[in-house]
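Source: prediction; values computed, not measured.
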Amino acid sequence: LLLAYQVQELLDTGKAKGLKQIADWLSITHTKMYLLMNMLMLAPSIQEEIIFSDNVLINKIPEYKMNDITRVISWNKQIKMWQELKAELA
């Protein structure tokens with residue numbers, strides 16, 4: 001998530017031409033870059049918890065499960081999915 005914010009800053013400041021260029025710099029696929037940037041679509045409360053939480057279980061959440069949450073438009077539904085996901089890991 002923090003990397004996504006750094007990438008967004010590169011785009012906003014004009015230091016990069018686009019996501020494909022940054023993906024090449026990072027040696028990741030363009031698809032992976034778009035999945036990474038989708039993390040910015042998470043509800044703010046989820047983002048805050050990911051960034052500031054001391055809960056080590058958050059680091060064990062599989063990427064594909066996070067991708068499922070980022071595909072949901074409603075922040076309320078995202079939050080519900082997030083709570084359910086954390087409950088599964090507890």
Side-chain angles (χ1 to χ4, degrees):
L1 182 59
L2 292 175
L3 179 58
Y5 274 106
Q6 291 174 332
V7 168
Q8 188 62 52
E9 185 176 342
L10 289 173
L11 294 170
D12 291 346
T13 59
K15 293 179 181 174
K17 295 177 185 175
L19 291 176
K20 290 182 179 182
Q21 181 183 32
I22 298 170
D24 291 342
W25 290 345
L26 297 173
S27 298
I28 62 174
T29 66
H30 301 155
T31 302
K32 188 78 160 176
M33 176 59 70
Y34 286 102
L35 291 173
L36 171 71
M37 296 307 289
N38 282 344
M39 294 289 286
L40 298 177
M41 301 309 225
L42 288 169
S45 62
I46 298 173
Q47 291 187 33
E48 184 176 319
E49 188 170 354
I50 291 170
I51 292 171
F52 297 112
S53 178
D54 291 333
N55 185 346
V56 294
L57 292 178
I58 289 176
N59 296 328
K60 297 182 184 213
I61 296 174
E63 182 180 348
Y64 74 91
K65 290 195 176 201
M66 291 305 302
N67 292 337
D68 289 343
I69 297 173
T70 63
R71 289 188 192 104
V72 175
I73 295 172
S74 167
W75 282 349
N76 290 330
K77 289 180 183 176
Q78 284 184 1
I79 292 167
K80 182 179 180 200
M81 291 172 72
W82 174 249
Q83 296 301 332
E84 290 170 357
L85 181 57
K86 288 192 312 179
E88 287 176 19
L89 294 173

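- Annotation: the span from Gln78 atom CD to Ile73 atom CD1 amounts to 9.5 Å, rounded to 0.5 Å.
- Within the structure, every pair that satisfies the salt bridge (Lys or Arg N to Asp or Glu O under 4.0 Å) test and touches residues 65-76, not counting sequence neighbours, is listed here: Lys65-Glu88, Asp68-Arg71.
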Identify each donor-acceptor pair in which a side-chain atom of residues 30-38 lies under 3.5 Å from a protein atom, sequence neighbours left out, and give them as a table.
from: His30; atom 1: NE2; to: Asp24; atom 2: OD1; distance (Å): 3.3
from: Lys32; atom 1: NZ; to: Glu63; atom 2: OE1; distance (Å): 2.7
from: Lys32; atom 1: NZ; to: Glu63; atom 2: OE2; distance (Å): 3.0

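- The CG atom of Leu42 lies 7.0 Å from the CD1 atom of Ile69; values are rounded to the nearest 0.5 Å.
- Listed by chain and residue number, Ser53, Ile58, Trp82, Lys86 satisfy the side chain to side chain contact (heavy atoms under 4.5 Å, CB included) test with Glu49 (two or more places apart in sequence, or in another chain).
- Leu1 CG to Gln6 CD: the interatomic distance, rounded to the nearest 0.5 Å, is 10.5 Å.
- Neither Val56 nor Ile51 shares a network with the other; the hydrophobic side chains, linked directly or stepwise wherever heavy atoms of I, L, V, M, F, W or Y lie under 4.5 Å apart, form separate groups for each.
- Annotation: side chain of Gln21 is not in contact with side chain of Leu10 (no heavy-atom distance under 4.5 Å).
- Atom CD of Glu9 is surrounded by 12 or fewer heavy atoms from other residues, nucleotides or ligands within 6.0 Å.
- The cluster map of Ile, Leu, Val, Met, Phe, Trp and Tyr, joined by side-chain heavy atoms under 4.5 Å apart, puts Leu2 and Leu11 in the same cluster.
- Here the CD1 atom belonging to Ile61 is positioned 8.0 Å from the CG atom belonging to Asn55, to the nearest 0.5 angstrom.
- Summarising the geometry, atom NZ belonging to Lys15 is positioned 11.5 Å from atom CD1 belonging to Ile22; distances are rounded to the nearest 0.5 Å.
- Counting heavy atoms from C-beta on, the side chains of Met39 and Leu3 never come closer than 4.5 Å.
- Across all their heavy atoms, Ala43 and Ile79 have their closest contact at CB-CG1, 4.0 Å.
- To the nearest 0.5 Å, atoms CD (Gln8) and CG (Leu40) are separated by 6.0 Å.
- When the side chains of ILVMFWY residues are joined at heavy-atom separations under 4.5 Å, either directly or via intervening members, Tyr64 and Met41 end up in two distinct hydrophobic clusters.
- Taking each heavy atom of Lys77 and Val72 in turn, the nearest pair found is CB-CG1, 3.6 Å.
- Counting heavy atoms from C-beta on, the side chains of Pro44 and Trp75 come closer than 4.5 Å.
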